[in-house]
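Side chains are part of it too, since the values below use all heavy atoms of this structure and drop only hydrogens, waters and symmetry mates.
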Amino acid sequence: MERLVPGELWTLFRRVVPPTDVIRPQGGGRRRAGDRECLAAIIFVATSGCAWRQLPPVFGPAWPTVYRRFAQWSRERVWARLHRVILDELGARGELDWSQVRDRLRQRPGGKRGPLTGPNPTDRGKPVSKIHLITDRNGVPLSLGVSGANMHDSLGLEPLVRGIPPIRSRRGPRRRRPAKLHADKGYDYDHLRKWLRERRIRHRIARKGIESSTRLGRHRWVVERTVSWLAGCRRLHRRYERKAEHFLAFVGIAAALISYRKLTN
């Protein structure tokens, strides 16, 4: 358990998990399963990709207990708050580079239909979810989102930029606006450039039919590396969750773990 939930990560998690001390008026009953044991089991499911029913008994709580705790914390947006707390720690230490951010998406085949899935036009209309993300210059995820495969890439840019939380800085007020944004040809629209200029964000968006995709490699590799880090969360290889909030929760867990590794390295 110490390997999956180190002491520093547990300290950060305790800052965001809601209190759950419930006293039974009639007394008795079983002792409530510990949050740290449940968190370790959830991270194991996220990173290994195993089914809930295949959860090893070594963690202590039974899989229905772990699943109920995961569902509860997902409803209460614990994973997004954990990611934000870790970003605050990185920002306070000066570990975030706001000079440039990158926008990217990744498609995940859907094993089940449900909210935030859509027919993939390149794969016989199979249900697929897209993961959209913005990273800082070093590849730390700042904002994430999920959509169906039939939603155009350009529609995800504004929600992602708005979704960057106000993050602590080493000096001065909190920050949520990058100095410059890099994006590929899927975002080559004048209204997006205008929208970014109105928010005083410089942009570098590749132009269709003008610039070669190979020129984007020196900037794209950073966010592509983050996408490969997301793939380290094997639960994201396919969308097994029918509920959109559960799939988004696993995306948030992966982003929190990536940011935490940056915090401890």
Looking only at heavy atoms, the pair that brings Val222 and Asn138 closest together is CG1-C, 3.8 Å
Quick one, Lys180 and His203 - any side-chain contact, counting heavy atoms below 4.5 Å? no
* Quick one: does Arg175's side chain get under 4.5 Å of Pro166's, heavy atoms only? -> no
Heavy-atom nearest pair, Leu133 first then Thr135, reads CD1-CG2, 3.6 Å
To the nearest 0.5 Å, atom OG of Ser143 lies from atom CD1 of Ile164 at 5.5 Å
> So does Arg176 have more than 12 non-hydrogen atoms from other groups sitting under 6.0 Å from CZ?
Replying inline: yes
Rounding to 0.5 Å, atoms CD (Glu241) and CZ (Arg235) come to a distance of 4.5 Å
Are the charged groups of Glu245 and Arg77 less than 4.0 angstrom apart, N to O? no
Note: Ile167 and Trp98 closest approach over all heavy atoms is CD1-CZ2, 3.7 Å
Test of ring centre spacing under 6.0 Å for Trp79 and Phe250:
no
Q | Phe70/His246 aromatic ring centres below 6.0 Å | A | yes
message: A side-chain contact here means heavy atoms from C-beta on lying under 4.5 Å apart; do Arg207 and Lys185 qualify?
response: no
inquiry  = Quick one, Leu39 and Ile43 - any side-chain contact, counting heavy atoms below 4.5 Å?
reply    = yes
Is the closest side-chain heavy-atom distance between Pro18 and Glu76 below 4.5 Å?
-> yes
NZ of Lys262 to CD1 of Ile86, rounded to nearest 0.5 Å, is 14.0 Å
With a 4.0 Å cut-off, would you call Arg193 and Asp190 a salt bridge? yes
Quick one: does any side-chain atom of Arg202 pair with a main-chain N or O of Gln100 as donor and acceptor, under 3.5 Å? no
The side chain to side chain contact (heavy atoms under 4.5 Å, CB included) partner of Arg15 among Asp88, Val85, Leu82 is Val85
For the pair Arg137 (side chain) and Asp97 (backbone), establish whether a donor and an acceptor sit closer than 3.5 Å, ignoring hydrogens and angles. no
Separation between CG (Leu192) and CZ (Arg197), nearest 0.5 Å, reads 10.5 Å
* Asked: What do the steps show when you test Ser48 against Arg234 for side-chain hydrogen bond (donor to acceptor under 3.5 Å, both in side chains), and what is the final call?
  -> CA-CA 6 Å; Ser48 68; Arg234 298 183 64 85; over 6 Å; no
Please step through side chain to side chain contact (heavy atoms under 4.5 Å, CB included) for the pair Thr226 and Val140, ending with a clear verdict.
CA-CA 7 Å; Thr226 305; Val140 177; over 6 Å; no
Assess whether salt bridge (Lys or Arg N to Asp or Glu O under 4.0 Å) is satisfied between Arg102 and Asp136, documenting all intermediate values. CA-CA 7 Å; Arg102 276 85 172 176; Asp136 79 335; over 6 Å; no
Run the side chain to side chain contact (heavy atoms under 4.5 Å, CB included) check on Val161 and Arg177 step by step: do they pass?
CA-CA 8 Å; Val161 174; Arg177 188 176 65 246; over 6 Å; no
ask   = Is the shortest heavy-atom distance from the side chain of Arg225 to the side chain of Trp229 under 4.5 Å?
value = yes
Rounded to the nearest 0.5 angstrom, the CG-CG distance for Leu157 and Leu181 is 6.0 Å
Separation between CH2 (Trp63) and CH2 (Trp52), nearest 0.5 Å, reads 9.5 Å
Enclosure of Arg14 CZ (heavy-atom neighbours >12, cutoff 6.0 Å): no
Test item: Leu230 and Ile258 side chains (from C-beta on) under 4.5 Å apart, heavy atoms: yes
For Ile131 and Phe247, run side chain to side chain contact (heavy atoms under 4.5 Å, CB included): C-alpha distance rounded to whole Å, both residues' side-chain angles, the deciding distance at 0.1 Å, then the answer. CA-CA 10 Å; Ile131 299 176; Phe247 183 68; 4.1 Å; yes
*Return the orientation label for the Trp73 and Phe13 ring planes: parallel under 30°, perpendicular over 60°, tilted otherwise.*
perpendicular
Here the pair of heavy atoms bringing Cys38 nearest to Val66 is O-CG1, 4.1 Å
Donor-acceptor pair, side chain of His83 and main chain of Leu257, under 3.5 angstrom: no
With a 6.0 Å cut-off (strictly less than), is the heavy-atom count around CZ of Arg162, excluding the residue itself, greater than 12? yes
Would you say the side chain of Leu196 lies within less than 4.5 Å of the side chain of Arg199, judging by non-hydrogen atoms? no
Task: side chain to side chain contact (heavy atoms under 4.5 Å, CB included) between Asp35 and Trp10, intermediate numbers included - done: CA-CA 10 Å; Asp35 284 344; Trp10 173 239; 3.7 Å; yes
Tightest non-hydrogen contact, residues Asp188 and Lys208, listed as OD2-N, 2.9 Å
Do we see a donor-acceptor contact under 3.5 Å between the side chains of Arg239 and Ser129? yes
- Any idea how Phe44 and Phe59 line up, ring-wise: parallel (<30°), tilted (30 to 60°), or perpendicular (>60°)? tilted
What one should report as the nearest heavy-atom pair of Ser259 and Leu87 is OG-CD2, 4.1 Å
